[in-house]
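Each chain gets a letter, A, B and so on, in the order the sequences are listed, and its residues count up from 1.
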2 protein chains.
Amino acid sequence: MKTLTERQQEILDFIRQRQESEGMAPTLREVATHFRFSSVNAALAHVQALLAKGVLKRVPRRARSLQVVDAGPSARRRPRVVSVPIYGSIPAGRPEDAAQEAEGCVLMDVETLGIRPTARTFGLQVRGDSMIGKHITDGDIAIIEHGVQPRSGDVVAALIDGQVTLKTFVLQRGKPYLRAENPRYPDLIPQEELQIQGVMVALVRKRK
Amino acid sequence: MKTLTERQQEILDFIRQRQESEGMAPTLREVATHFRFSSVNAALAHVQALLAKGVLKRVPRRARSLQVVDAGPSARRRPRVVSVPIYGSIPAGRPEDAAQEAEGCVLMDVETLGIRPTARTFGLQVRGDSMIGKHITDGDIAIIEHGVQPRSGDVVAALIDGQVTLKTFVLQRGKPYLRAENPRYPDLIPQEELQIQGVMVALVRKRK
DNA sequence: TCCAGTACTGGACAAATAAACAGCACTGTG
DNA sequence: CACAGTGCTGTTTATTTGTCCAGTACTGGA
């Protein structure tokens, strides 16, 4: 593929962005307006250059027919996005019962999360610094996959006293316990049954 | 939501299908052609009915502006997703020059990232532990917003010796320098101009 | 029978849009 | 200097598209 000029790359990015966020490709006029061209033709020229270089497709004489050719690796994988609800705390019971109390939502592609598309997944806003040893800080969102068998060393969301906390799941001599990754917090040896809500598969941190 | 007539459901399905497969919504004439209407107006009437019932959105007087309202759980919040390209390392020059060399992609919603939808954003796979003090570990993906003025304390991607590294941007007595969040790494006081690629707005960590 | 709702035809019109043509300014190169 | 490439302006033309108006046909009540 031929290289694009800086300006052409900007135009291409804009078109891609618009198509992804608005669901439809921009018109030449919208491109021109966004880049403050006073002539549509400037946009047209760029689009034609992108067309010639094969990074854009179009149906001639059709409104909004621009399509970014993502011919590369992302052409085949269709971006399967899942909407992950975020909870600040999860009350007793199954997490899906609390679906209405989601505090927010993160949309991420299945690929990145590395989960099964069928999996029940939710986000958990981390409170405190009990997992600081694994570099999980206050305010981070832990993406938890429900219904997975945890392995030793996995970070899991566990139900303790009606509250969900993040801990490291450790198997020692066949017996499981939960370890906090901060010396100021005690380990938890379960008296009865260990209630694991799910295993952390990803972490998202936002700028405050 | 009011119930749809059989015909209306067919029309709605067609519009959804076209948008998903072609990447753009059909025009009224395309709808009419597909259903073998000899008048555009038949399609218009149906579309208006769907509009009235709230299952379809549109921008008036705009070509191909139909959008199916996904009645699902994510109905209210419009999931504006952006496709963030991920670079392992960025060679010398501006990041957009290396667009073709993206190693992967993360799809995330604009809401979570807290960026302007028009912004140029990219992901940077973190190498090493020079930012461990801010709990950014090897393998993390830093989401960088390009073209933003960094403030003191922000984590930024900076261009040093043709390589992009993550550092904390610090303004001390009006003079900027870059701080590594690890005592084993030295601070960087720029000799000439400080090349800031962008400011970190979010962090994504995948389970390995 | 009358009426209302749904489904469609046919035609006309204005706005939105793509496309083409003629330029101008700037930059680097031989 | 001439020349080519890039980036942009300004204008015109043809097509596409959304919208409106008037009318037909069928259906199922009241």
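By the side-chain contact (heavy atoms from CB on, under 4.5 Å) test, A/Ala32 pairs with A/Phe37, A/Ala43, sequence neighbours left out. Listed by chain and number, the residues in a side-chain contact (heavy atoms from CB on, under 4.5 Å) with B/Arg151 are B/Asp154 (sequence neighbours excluded). Residues satisfying the side-chain contact (heavy atoms from CB on, under 4.5 Å) criterion with B/Thr27, sequence neighbours excluded, are B/Arg29, B/Glu30, B/Arg64. In terms of the salt bridge (Lys or Arg N to Asp or Glu O under 4.0 Å) criterion, residue partners of B/Asp129 (sequence neighbours excluded) are, by chain and number, B/Arg184.
Between A/His135 and B/His135, the ring planes are tilted. Angles from 30° to 60° get that label.
Rounded to whole Å, the distance from NE2 on A/His46 to P on D/dT9 is 10 Å. Rounded to a whole Å, the CZ atom of B/Phe37 is 18 Å from the P atom of C/dG11.
Judged purely by atom type and a 3.5 angstrom limit, B/Asp138 has no side-chain atom pairing as donor or acceptor with the backbone of B/Arg127. Side-chain atoms of A/Gln125 come within 3.5 Å of backbone N or O of A/Gly139 as a donor-acceptor pair. At distances below 3.5 Å, not a single donor-acceptor pair connects side-chain atoms of A/Asp140 with backbone N or O atoms of A/Val126.
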For nucleotides 14-20 of chain C, which of its nitrogen or oxygen atoms have a protein nitrogen or oxygen under 3.5 Å away, and what is each distance?
| from | atom 1 | to | atom 2 | distance (Å) |
| --- | --- | --- | --- | --- |
| C/dT17 | OP1 | A/Arg64 | NH2 | 3.0 |
| C/dA18 | OP1 | A/Arg64 | N | 3.3 |
| C/dA18 | OP2 | A/Leu28 | N | 2.9 |
| C/dA18 | O3' | A/Arg61 | N | 3.3 |
| C/dA18 | N7 | A/Arg29 | NH1 | 3.3 |
| C/dA18 | N7 | A/Arg29 | NH2 | 3.4 |
| C/dA18 | N6 | A/Arg29 | NH2 | 3.4 |
| C/dA19 | OP1 | A/Arg61 | N | 2.9 |
| C/dA19 | OP2 | A/Arg58 | NH1 | 2.4 |
| C/dA19 | OP2 | A/Arg58 | NH2 | 3.3 |
| C/dA20 | N6 | A/Asn41 | ND2 | 3.1 |

Pick out the pairs of N or O atoms, protein on one side and nucleotides 23-27 of chain D on the other, that lie under 3.5 Å.
none

